[in-house]
Amino acid sequence: MNQITAFSRKMRIIFTLLALLTLFHPTAETSPPPAVNAPTDNKIEKDEILEELKLSAQGIFTDSDTEESIAENNSTGSNTDQSEPSTDSNTEETSPMEEESSKKEDIRQMDKSETNEKKISEDETPPSEPEIFVEDKDLPAIKTQRIEEYEAHPSRIKKEELEQKLNAIINQNPKNEEAYWELFELQNHYTEWSQNTEFYQENQLLHTLKLLQDIHKQFGENQKIMKYLCQYFIINHLYVESQPYCQKAKKLLPNDTDLHIYADYLSDTSNQKSENRPLNKSQVLLNILKTKPHSEKLYTTIGQMFADKKKYKLATKYFQKAIKMNSSYIPALLGLGEALIKLNQHETALKHYILACQKHPYKSRVPFQQAKAYLSQKSLFKLASEYQKQINICVNSIKTSH
């Protein structure tokens, strides 16, 4: 009995001690794990943000760095863990301060850039055209420069230099008709020179036509302006627009053969069929041949008409007539060369191509190359090789002259 009583006392003491231990020492299960780690993570994130703000305030971060970081974030996209959104939310809380400081910095930069632009604009030299000081008395020297320097060795740069001088004279004195015509001669020569070269531009013809129209408005009608207006409207394929100018020009210059070639032959036969003039090309040229003085352009035009009809013997006859009148007339030399090739007179044709190239390599280069291609198509490779040698000489002469 005494033993049972002693055992029960011991058990009560043990349970009492266990209760006390449970009361003052809670188990690990009652404390959630994020409560221990969260303060540490948040502290790290805040430290990183503060460090970034300090660096940004010191101007260490640049726009390029920002672009690189954006690119890196886009490239790693799916590999980012879930802790990144919490960082973004923290940065959003501090973004108003960043925005305010960045706005102030932007304003300071804008002010600096404006002052720099003002300084640059003040230091800048004026455009090239106002620097050119020329007067009416300088026109003879400009004309001499165009003939002796530019026409001997034409180039786009020289043309632009002379053009600026002439435009300066015209701006100072819009009534200087001689300056207008000098500018026309410059542009007209440039168009002839630049054909078959990389410098040629289709709008150059329209540009020259516009200049002629300005001359017409400024100084009225005369033989010269009406003739060139007729020609340049037709050259630009403006056949309907050319008619009033051509009609007036023909009245003013009834015996000008070249004018009648443009007005009667090129205009009426190149345009749609006219009910008032149902003449064919041969009849139009025959009328001019009978009634107007002969010229190298007239003979060359007749020769080209026969060549188009594949009447090469007749074509050579008229090309040769044109060359007798003007041995340097390039269209006649090239037309004769092409006709002789079609008549299998290749060696004689080569001589005329060489002569044309010596007189005007720019105009002759492409027709020369076309003749060589024709011989290659006919399997005349030995002749084609000889033509190619002469073409190379022609091209080299262009490079050295330029």
Side-chain angles (χ1 to χ4, degrees), residues 117-233 235-236 238 245 249 252-253 256 258-259 328 330 359-363 397-402:
E117 286 177 1
K118 289 180 181 178
K119 288 181 180 178
I120 292 171
S121 62
E122 290 174 359
D123 296 337
E124 278 182 352
T125 56
S128 57
E129 289 189 7
E131 288 185 349
I132 299 175
F133 297 101
V134 289
E135 299 176 356
D136 291 355
K137 64 181 181 180
D138 299 320
L139 191 57
I142 295 172
K143 184 175 182 178
T144 302
Q145 184 181 3
R146 175 183 65 83
I147 296 172
E148 294 182 356
E149 296 181 15
Y150 172 74
E151 293 190 5
H153 300 285
S155 71
R156 177 176 55 83
I157 296 173
K158 289 181 180 179
K159 180 249 186 184
E160 291 177 353
E161 178 184 324
L162 290 169
E163 205 168 34
Q164 287 180 356
K165 292 180 179 179
L166 291 168
N167 280 322
I169 292 177
I170 292 171
N171 290 334
Q172 293 172 15
N173 183 8
K175 295 298 182 181
N176 192 328
E177 186 174 0
E178 188 180 358
Y180 275 99
W181 283 113
E182 185 62 26
L183 183 58
F184 167 76
E185 291 294 338
L186 177 66
Q187 293 184 359
N188 187 49
H189 185 84
Y190 179 78
T191 301
E192 291 182 354
W193 166 78
S194 63
Q195 285 178 345
N196 301 327
T197 71
E198 62 273 21
F199 302 112
Y200 181 74
Q201 296 178 347
E202 291 291 339
N203 63 352
Q204 181 64 34
L205 291 170
L206 286 172
H207 186 63
T208 307
L209 175 59
K210 175 63 169 59
L211 174 63
L212 289 170
Q213 290 176 306
D214 291 341
I215 297 173
H216 181 228
K217 290 178 183 178
Q218 194 70 253
F219 305 102
E221 296 180 2
N222 57 47
Q223 293 179 348
K224 190 176 182 179
I225 187 62
M226 301 312 291
K227 174 183 176 178
Y228 280 118
L229 279 170
C230 171
Q231 291 182 5
Y232 264 84
F233 270 108
I235 290 173
N236 284 283
L238 300 171
Y245 300 101
L252 295 171
L253 297 166
D256 191 313
D258 293 352
L259 171 63
S328 299
I330 303 301
K359 295 181 181 297
H360 202 309
Y362 295 97
K363 283 188 176 181
S397 68
I398 293 174
K399 291 179 180 179
T400 54
S401 65
H402 184 63

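Here the structure is a predicted model, which means the values were calculated and not measured. Along the sequence shown, residues are numbered consecutively beginning with 1.
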*Quick one: CD1 on I142 to CD1 on I147, what's the gap to the nearest 0.5 Å?*
12.0 Å

*Tell me, please, which residues at least two apart from D258 pass side-chain hydrogen bond (donor to acceptor under 3.5 Å, both in side chains).*
S295

_Rounded at 0.5 Å granularity, tell me how far CD in E163 sits from OH in Y190._
9.0 Å

*Regarding Q218 and E177, is there a side-chain donor-to-acceptor distance under 3.5 Å anywhere?*
no

_Which residues pass the side-chain hydrogen bond (donor to acceptor under 3.5 Å, both in side chains) test with D136, not counting sequence neighbours?_
N173, N176

*At what distance, to the nearest 0.5 angstrom, does CG of N167 lie from OH of Y180?*
9.0 Å

*Mind checking the NZ-CD1 spacing from K137 to I169? Nearest 0.5 Å is all I need.*
11.5 Å

*Answer yes or no: is there a side-chain heavy-atom contact under 4.5 Å between L238 and L209?*
yes

*Looking at residues at least two apart in the chain, or sitting in another chain, which of them share a ring-ring contact (aromatic ring centres under 6.0 Å, His included) with H207?*
none

_Are there over 12 heavy-atom neighbours, none belonging to E151, within less than 6.0 Å of that residue's CD?_
yes

*Side chains of Q213 and F233 in contact at under 4.5 Å (non-hydrogen atoms)*: yes

*Could K165 and D138 be called an ion pair, given the rule that one side-chain N must be under 4.0 Å from one carboxylate O?*
no

_List the residues meeting side-chain hydrogen bond (donor to acceptor under 3.5 Å, both in side chains) with D214, not counting sequence neighbours, and say none if there are none._
K210

*Working to the nearest 0.5 Å, report the span between CG of L229 and NZ of K224.*
12.5 Å

*How far apart are the closest heavy atoms of I170 and A179, and which atoms are they?*
CG1-CB, 3.8 Å

_N/O donor-acceptor pair under 3.5 Å between N188 side chain and F184 backbone_ = no

*With sequence neighbours excluded, tell me which residues meet salt bridge (Lys or Arg N to Asp or Glu O under 4.0 Å) with K359.*
none

*Do the rings of Y228 and Y232 sit parallel, tilted or perpendicular, given the 30° and 60° boundaries?*
tilted

_Min side-chain heavy-atom separation I225-F219 under 4.5 Å_ = no

*Among residues two or more places apart or on two chains, list those pairs meeting salt bridge (charged side-chain N to carboxylate O under 4.0 Å, His left out) that have a residue in residues 180-194.*
R146-E182

*Report the distance from atom CG of L166 to atom CG of N171, rounding to the nearest 0.5 Å.*
11.0 Å

